[in-house]
Amino acid sequence: MEYRQVEDRVIVTGLQDFDIKQTVECGQCFRYIKLTDYNYIIVAFGKVLKIVQMSNQIIFYHTKVEEFENIWIPYFDLEKDYDTIKQNLSAKDEILRNAVSYGAGIHILQQDVWECLISFIISQNKQIPHIKQVIQNISERFGEKICTLEDCDFYSFPNVEQLWVATEEEIRQCKAGFRAPYILDACQKVLSGEVNLTQLSSMSTEKAKNELLKIKGVGPKIADCVLLFAVGKHEVFPTDVWVKRVMEYFYFKEDTQIGKIHQFAADYFGSRAGFAQQYLFYYARDKKIGK
DNA sequence: GCCCAGGCACTCA
DNA sequence: TGAGTGCCTGGG
């Protein structure tokens with residue numbers, strides 16, 4: 001990968017195994033606007049980024065090399081060797097080979113832990129457009145305005161202190177529904193220090209998961225999503241209904257308990273289970289497998 | 001109008 | 001321990 005700054009944008013060339021559409025739309029993040037299949041606006045870490053991907057280069061608009069290196073390289077995980085991961089998974093069986101080939105440009109994002117936590121608390125019993133709407137409502141109401149771009153106003157996701165001033169009623173007005181008290185419980189436990197989000201990455205995966213499970217409204221699935229998409233624990237295997245369906249469809253051929261699926265994933269995919277989950281999920285959802 | 005959606009908490013055996 | 005049920009809300 002090579003990159004250089006031209007005016008207010010960074011032009012990246014030689015980037016293999018990365019596709020902005022697949023990375024953004026494989027269900028791991030919710031703050032993006034799709035302009036076309038290769039043109040997205042993304043909000044993260046208090047920044048607004050426009051990305052245009054072409055055959056041989058990617059342009060990151062409204063940024064500079066320093067910000068690109070400090071924020072966007074880690075966020076998009078641009079320096080990891082995905083080729084080795086994909087080869088390893090593809091070698092396991094034909095199912096994975098097809099799934100990896102189908103989502104060959106997926107990267108697992110390294111998102112902000114707090115925003116990721118609240119986003120996945122909101123995600124339960126909701127579909128992606130609803131989740132995006134609630135997060136946007138919360139950002140507009142409690143975050144700070146970043147800028148106006150393409151005639152849209154963009155707001156940062158509120159930090160813990162900014163969200164803690166909200167009442168349950170105000171959060172419900174953002175269409176969060178029964179999840180509003182869960183969000184406040186997360187604020188309270190993080191502010192009081194009962195749950196330490198900044199130390200998660202240095203904890204063992206099991207300890208980090210137990211830390212997240214202290215929060216009301218956070219169960220195994222949501223904890224795993226936070227661990228995978230924000231903490232960098234790439235061996236976890238978040239198992240939602242889609243992943244459950246695709247695993248049953250391809251591997252078990254019958255209704256299977258989550259615990260059994262987790263055990264299989266740990267044994268079979270090992271330390272790369274999280275990557276396998278993303279390829280399988282994207283493959284299953286796009287092809288509506290098992291539905 | 002009814003049912004369900006990218007889970008979880010709560011209840012009851 | 002494990003299974004069953006309700007939940008805000010919007011869309012099909």
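By convention in this document, chain letters (A, B, ...) are assigned in the order of the sequence lines, proteins followed by strands, and residues within each chain are numbered from 1. Side-chain atoms are counted along with the backbone in the values below, which use heavy atoms only and exclude waters and symmetry mates. All of these numbers come straight from a predicted model, not from anything done at the bench.
- Rounded to an integer number of Å, the gap from Lys209(A) NZ to dG7(B) C1' is 13 Å.
- Evaluation of the salt bridge (charged side-chain N to carboxylate O under 4.0 Å, His left out) test over residues 51-76 of chain A, restricted to residues two or more places apart or in two chains, returns Lys47(A)-Glu67(A).
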Contact string for nucleotides 6-12 of chain C, one letter per nucleotide 5' to 3', B = base within protein heavy-atom range under 4.0 Å, S = sugar-phosphate only, - = neither, reads -BBSSS-
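- Pro129(A) comes within 4.0 angstrom of nothing in the nucleic acid, heavy atoms only.
- Taking the nucleotide of DNA chain B with the nearest heavy atom to each of Cys26(A) and Gly217(A), the more 5' of the two is matched to Cys26(A).
- Note that Lys244(A) lies outside the cation-pi zone of Tyr249(A), set by a 6.0 Å cut-off to the ring centre and a 45° limit from the axis.
- With Ser119(A) contributing its side chain and Cys29(A) its backbone, the two residues share no donor-acceptor pair below 3.5 Å.
- Across all strands shown, Val218(A) has heavy atoms under 4.0 Å from sugar-phosphate atoms exclusively, and none from any base.
- Ring centroids of Phe264(A) and Tyr251(A) are separated by less than 6.0 Å, placing the two rings close together.
- Looking only at atom types and distance, the side chain of Arg141(A) has a donor-acceptor partner in the side chain of Gln173(A) under 3.5 Å away.
- Relative to the six-membered ring of Tyr268(A), Lys92(A) meets both conditions, a distance below 6.0 Å and an angle of at most 45° to the axis.
- Using a 4.5 Å cut-off on side-chain heavy atoms (C-beta onward), Phe252(A) and Lys260(A) make contact.
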Pairing of DNA chain C as dot-bracket, 5' to 3': ( ) intra-strand, [ ] crossing, | other strand, . unpaired, with Watson-Crick or G-U pairs under 3.5 Å? |||||||.||||
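- Residues of residues 258-279 of chain A having a heavy atom closer than 4.0 Å to DNA chain B: none are found.
- Taking the six-membered ring for Trp and thresholds of 30 and 60 degrees, His107(A) and Tyr82(A) have nearly parallel ring planes, at less than 30 degrees apart.
- In this structure, the side chains of Gln110(A) and Tyr75(A) stay at 4.5 Å or more apart for every pair of heavy atoms.
- Residue Asp185(A) contributes atom CG, which lies 13 Å from atom C1' of dC8(B) at whole-angstrom precision.
- No side-chain donor-acceptor contact under 3.5 Å links Ser101(A) and Asn98(A).
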Pairwise N/O distances under 3.5 Å, protein to nucleotides 10-13 of chain B:
from: dC10(B); atom 1: OP1; to: Lys216(A); atom 2: NZ; distance (Å): 3.0

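- Using C1' as the reference atom, dG10(C) and dA9(B) are 23 Å apart when rounded to the nearest Å.
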Take Cys187(A) and Trp114(A) through the test side-chain contact (heavy atoms from CB on, under 4.5 Å) and record every step on the way to the result. CA-CA 9 Å; Cys187(A) 287; Trp114(A) 169 249; 3.7 Å; yes
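- Distance CD1 (Ile183(A)) to C1' (dC8(B)): 14 Å, rounded to an integer number of Å.
- Salt bridge status for Lys86(A) with Asp83(A): absent, with no side-chain N to carboxylate O gap under 4.0 Å.
- Residue contacts shown for Gly27(A) include a base, since a base heavy atom lies under 4.0 Å away.
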Less than 3.5 Å apart, which donor and acceptor atoms pair up between the side chains of residues 120-130 of chain A and the rest of the protein, not counting sequence neighbours?
from: Ser123(A); atom 1: OG; to: Phe120(A); atom 2: O; distance (Å): 2.7
from: Gln124(A); atom 1: NE2; to: Gly217(A); atom 2: O; distance (Å): 3.2

